[in-house]
Undergrad: 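Sending over a structure as structure tokens; questions will come in a sec.
In this chain, residues are counted from 1 in sequence order. All heavy atoms count here, side chains included; hydrogens, waters and symmetry mates do not. Start at 1 and go down the list; that is how both ligands and their atoms are numbered.
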Amino acid sequence: MAEHQRISPLADELNAILAPSIAGRLLSDLGTRLYFPKGIIAQSAEAKKLGKTANATIGMAVKGGVPCVLTSLKEQVPNLTAPEIVAYAPTAGNDDLRALWLEAIREKNPTLGSTEISLPVLVPGLTAGISYLSDLFLGTDSVLLTGAPAWDNYVLVVEARRNAILRSFPMFAESGFNLAAFREAVMTEAHTGKVRMLLNFPQNPSGYTPTRAETATIVSVIKEAAETGADVMVWCDDAYFGLDYEDDIDPESLFSRLAGLHERVLAVKIDGPTKEDYVWGLRTGFITFGSKGMNAAQYEALIKKLMGAIRSSVSCAATPSQSLMLKAFKDPRNAAEKLALRKMLEERYRVVRRFIDAHEGHPALRALPFNSGYFMSMKCVGVAAEDLRVKLLHEHGIGTVAIDATHLRVAFSSVDAEKLEPVFETIFKVAAEMVAR
Ligand SMILES: Cc1ncc(COP(=O)(O)O)c(C=O)c1O
């Protein structure tokens, strides 16, 4: 560490609290340096409670105790007050929203029971959450394991941004999750004493979630690695949580199986309303920590580190998104509407499932296992995924994504059910013609 990078006494305080825990042992250099200043934000939060005569702390224009807001803005969101629109949000997010999300996590994951987990911290979208975790826990040469093919943003964050290593294991065996490759990757990493992995179910781009039996084995491999004395950190990217379309899938997050598993396992849940509540552009996500080896003071210290990452990058997430979500979550119409949207997605999945099952043995396209989420992907054999993508787009007006040289992803989530069969018929026909040439 360079001379000018002296550790702040505030970082030292947090490091001392975290030192005996798995989180302390896994922090990156940047994570070790981060702290949440007792500066403007902390002092103004204190003044908000106690500054009854005058609160001269925060950089906002306030009149009669209320932040000033332009009529042009206020008129567009009549149900929100001025503070709910324009006031700065707390660094870790709106307290009520955080409490509500914690309650929702517990409701959706009953296996958690009374397992102690941290309060969720609000971040501006799941991507930001992954990036902050990379700040805190990945240094140059740290390895983060993930299944391949993976969402392309992972490598951008982990390798381009953090200069760490995203190491892939092949996600699929002949059928289903490649448990042998997963075990091999985890146990190899366990020899270094530190295992970090990012698991995303339902997965982007394959649309796969492990079955209950596969999940049980994944959990046992993680435990086995921890029992060798390695610290094992598992980032659960739950972006597509809840969109499981087959009975043999565990409807709970892997996080709920890991949060209380072992002193040497630290699970992190990265989730949010982005896809779960159909609010892609609102940019709200959450980070929640769970480890049998951590206590409340250590969770609090880790949250302060995360707040340091937020404060030093975007400062805080947008207020209107948080205010809108807080109000929307309390609306009794949500449950029925969300169920209807889920059914709509499931119906699209069924159309694709039927088509794929009826067209096995295609000369160029092999569907990867899929059972959940927004997508399905196909392995292209004898034809380049990019060539197929370009032909489909330019000659047939069908947009797909070439994930890499050999995989084509189709987001059935964004195509009306009645269009899906003709779309897949065209994809299969074009690919067959290309490979026959
Ligand atoms: C696997 C996965 N994680 C995270 C995200 C990003 O979520 P957000 O839009 O909240 O950043 C996506 C979005 O495409 C995704 O596919």
Side-chain angles (χ1 to χ4, degrees), residues 89 93 97-98 101 104-105 120-135 138 144-162 166 168 171-172 177 197-210 234-244 249 253-255 267-288 306 309-310 313-314 316-318 320-322 324-325 328-329 345 349 368 370-377 399-404 407-415:
L97 190 53
R98 293 174 69 194
W101 193 257
I105 286 179
V121 170
L122 189 139
V123 290
L126 278 79
T127 308
I130 294 163
S131 192
Y132 291 139
L133 287 177
S134 302
D135 287 348
L138 301 182
L144 184 69
L145 297 175
T146 201
W151 186 38
D152 62 357
N153 215 358
Y154 289 166
V155 72
L156 183 64
V157 173
V158 173
E159 298 202 346
R161 190 182 175 79
R162 291 295 298 140
L166 186 69
S168 306
M171 175 95 172
F172 299 109
F177 192 78
M197 70 184 94
L198 170 48
L199 298 177
N200 161 227
F201 307 131
Q203 204 235 13
N204 179 4
S206 64
Y208 190 71
T209 302
V234 187
W235 306 2
C236 304
D237 179 344
D238 287 350
Y240 302 91
F241 179 84
L243 298 174
D244 44 287
I249 301 174
S253 165
L254 182 62
F255 176 82
V268 192
K269 193 176 191 323
I270 307 150
D271 62 7
T274 303
K275 322 263 176 185
E276 277 194 51
D277 297 283
Y278 306 91
V279 292
W280 310 274
L282 285 196
R283 314 311 301 143
T284 47
F286 294 92
I287 298 275
T288 310
L306 180 51
I310 297 170
S313 55
V314 293
C316 60
S321 303
Q322 299 182 49
L324 288 170
M325 283 319 301
F329 278 144
L345 292 172
Y349 163 77
L368 300 182
F370 69 109
N371 55 14
S372 53
Y374 274 25
F375 315 104
M376 63 83 64
S377 286
T400 57
V401 170
I403 293 297
D404 53 28
H407 291 96
L408 190 80
R409 188 190 80 175
V410 181
F412 58 77
S413 64
S414 61
V415 181

Undergrad: Could you go step by step and tell me if S134 and R161 meet the side-chain hydrogen bond (donor to acceptor under 3.5 Å, both in side chains) rule?
TA: CA-CA 9 Å; S134 302; R161 190 182 175 79; over 6 Å; no
Undergrad: Excluding sequence neighbours, so at least two apart, what forms side-chain contact (heavy atoms from CB on, under 4.5 Å) with S413?
TA: L345, Y374, A411
Undergrad: Keeping S377 on the side-chain end and P205 on the backbone end, is there a donor-acceptor pair under 3.5 Å?
TA: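 At least one qualifying donor-acceptor pair exists.
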Undergrad: Among all residues two or more places apart in sequence or in another chain, which pass the side-chain contact (heavy atoms from CB on, under 4.5 Å) test with A150?
TA: T146, Y154
Undergrad: If the plane angle is over 60° it's perpendicular, under 30° parallel, otherwise tilted; pick one for F370 and Y349.
TA: perpendicular
Undergrad: Non-hydrogen atoms closer than 4.0 Å to ligand 1: which protein residues do they belong to? List them by chain and number, please.
TA: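 Ligand 1 pocket, heavy atoms under 4.0 Å: G125, L126, T127, W151, Y154, N200, N204, D237, A239, Y240, T274, K275, R283.
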Undergrad: For P202, check side-chain contact (heavy atoms from CB on, under 4.5 Å) against everything at least two apart and list the hits.
TA: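 With sequence neighbours excluded, P202 shows a side-chain contact (heavy atoms from CB on, under 4.5 Å) to T209, Y240, S372, given in chain and number order.
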